Amino acid sequence: MLEQSVDGVTSNIAVYRETARQILTYMQSTPTIYLPSHDPDSLQRLATRRAALPVNAE
């Protein structure tokens, strides 16, 4: 999601991309802990309150 690439299953790529763009826009203005349920590191990010950074912000 941070790279804005379609990397999962979706029935509508346009909707997926628009949703990802909206999340990225939000993350650029508000520190956000991004916790995808399929990511084994989600628990650690939550425990340490590590905010996700958009790729272009690093």
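Not measured: the values here are computed from a predicted model. Residue numbers run from 1 in the order of the sequence given.
- In this structure, CG in Asn12 is found 11.0 Å from CD in Glu18, a value given to the nearest 0.5 Å.
- Leu35 approaches Arg45 most closely through the heavy-atom pair CD2-CB, 4.2 Å.
- Smallest separation of non-hydrogen atoms from Thr32 and Thr30: OG1-O, 2.7 Å.
- Within the model, atoms CG of Leu24 and OG1 of Thr19 stand 12.5 Å from one another, a figure rounded to the nearest 0.5 Å.
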